[in-house]
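All chains are named by letter (A, B, ...) in the order of the sequence lines, taking the proteins before the strands, and each is independently numbered beginning at 1. Computed from a predicted structure; not experimentally measured.
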Amino acid sequence: MKKTPLNTAGQLLHCCHSIAGLTLGQLAAQLKVDVPANLKRDKGWVGQLLELALGAEAGSQAIPDFPALGIELKTLPIDQQGKPLESTYVCVAPLTGVTSQSWQQSWICQKLQHVLWVPILAERQIPLAERVIGTGFLWQPSVAEQQALQQDWEELMELITLGGIDQIRGAHGKVLQLRPKAADSKALTAAVGANGEPIQTLPRGFYLKASFTAAILSRQFNLAEQSLKY
DNA sequence: CGGTGATCATTG
DNA sequence: CAATGATCACCG
C-alpha cells in the first residue's frame, strides 16, 4: 500500500494483496479516515477508501481510476459464501445522441475491459469497521462474457434510441440491467419518446447483475483452487 | 445536471 | 429473500 502512483498493473496487484485480510476499520485507521456508523448516508465510502488505499487518481471524473493503466477499480460486497450481495453499478447510460454506436466503442465496454475487483465481506449484520477486505484480482471479460454483455447492451440501446426507454425495467437484460441512477425519482434528463420526440425522464445507469459478478468470482476462485493443487 | 462512489429498502 | 426501483454524499 503506497501513496505514490503505481506504474504497472503488477505493482497495483501487489498493493492490493498487501491490504487483503485487513478489516475496513484497520485500513481506515492506517489512512487516518473516520469510519461512519453505517453506509446509509455514506454509500460510496468503501469505494472511496479503497481508491485512497490503492492510489486511484481519477476522483469523481469520468475517466478510469488508474488512467495510466486503463484500469477500473470496483469493490464487490459479498457474503461468507463468496456470493455478491448487490448488483454492480458500472456507469450512466447515454439516452440521446448515440444512434449507430457500436458496443466496442461504448463507454461501458471501455470501462469493463480492465477491472480490478476487490471483494469485501459485507453482510449487513457485520459492523462496517469489522468487514474484511478480500483478495483483489484483475479481470478481463472472456469472449462469452463479452458476447453476453454486448447482446444485452444492443437490446437496451435499441429500446433507448427507438423511444422505448419507459418500457425498460431492471429485469430486461440477462447480465446487464438498466436501472435508475439519480439523486431521487424526480431527477430528469433528456431522452427519446415513443414517437421520436424529445422527452424528460429519469436518468439511468448500467448495472451488472449479481449472477454475472458471481460467475466472475467463481472463475477466479476456481483458478485459485487449481493453483493450490499443482 | 451529470458524473463519481455505491447501498438502501420496499415489494413481489 | 432476491430483485427492482429509490436514494445518499460529494464534486465540477
In whole angstrom, give the distance that lies between atom CG of A/Leu178 and atom P of C/dA3. 18 Å
Does A/Arg124 have a side-chain nitrogen or oxygen under 4.0 Å from the phosphate oxygens OP1 or OP2 of B/dT7? no
Looking at B/dT7, B/dG5, C/dC8, which one has an atom nearest to any side-chain atom of A/Tyr207? B/dT7
note: A/Asp184, atom CG; C/dA9, atom P; distance rounded to Å ~ 12 Å
Thinking salt bridges, do A/Lys43 and A/Glu86 make one under a 4.0 Å N-O criterion? no
Between C/dA6, B/dG5, B/dC8, which nucleotide gets closest to the side-chain atoms of A/Lys74? B/dG5
Output the single nucleotide from B/dG5, B/dC1, C/dA6 whose closest atom is nearest the side chain of A/Ala187. B/dC1
Counting only side-chain heavy atoms from C-beta out, which of B/dG5, C/dA6, B/dG3 sits nearest to A/Trp107? B/dG3
Which part of the nucleic acid, if any, lies within contact of A/Gly44, taking any heavy atom under 4.0 Å across all strands shown: a base, the sugar-phosphate backbone alone, or nothing? base
Distance in angstrom units between A/Ile63 CD1 and B/dT4 P, rounded: 10 Å
Roughly, in whole Å, what's the span from CD in A/Gln177 to P in C/dA6? 14 Å
Whichever of A/Arg179 and A/Ser60 has its nearest DNA chain B nucleotide further upstream toward 5': A/Ser60
Between CG of A/Leu202 and P of B/dG2 the distance, given in whole Å, is 11 Å
Cluster link A/Leu149 to A/Leu178, ILVMFWY, side chain under 4.5 Å: yes
Phosphate oxygens OP1/OP2 of B/dA9: is one of them under 4.0 Å from a side-chain N or O of A/Lys40? yes
Between P of B/dA6 and CZ of A/Phe206, the distance in whole Å: 18 Å
Here the distance between atom P of B/dC8 and atom CD of A/Gln125, to the nearest Å, is 13 Å
Touch class at under 4.0 angstrom, heavy-atom based, for A/Gln200 against every strand present: nothing
Short of 4.0 Å, heavy atom to strand atom, which residues of residues 81-102 of chain A count as contacting DNA chain B? A/Glu86, A/Ser87, A/Tyr89, A/Val92
Examine the side chains of A/Gln104 and A/Gln146 and answer whether a donor and an acceptor come within less than 3.5 Å of each other. no
Would you indicate what A/Pro77 reaches in the nucleic acid, counting non-hydrogen atoms under 4.0 angstrom: base, sugar-phosphate, or nothing? sugar-phosphate
Nearest heavy-atom neighbours spanning A/Leu176 and A/Lys209: N-CG, 4.4 Å
In whole angstrom, give the distance that lies between atom CZ of A/Arg169 and atom P of C/dT4. 11 Å
If only atom types and distance count, is the side chain of A/Tyr89 paired as donor or acceptor with the main-chain N or O of A/Val92 below 3.5 Å? yes
Touch check for A/Ala58, heavy atoms < 4.0 angstrom, all strands: base, sugar-phosphate only, or nothing? nothing
Hydrophobic cluster identity match, A/Leu128 and A/Leu121, side-chain contacts under 4.5 Å: no
Of B/dT7, B/dT4, C/dA6, the nucleotide closest to the side chain of A/Ser185 is C/dA6
Does one side chain, of A/Gln150 or A/Glu154, offer a donor that lies under 3.5 Å from an acceptor on the other? yes
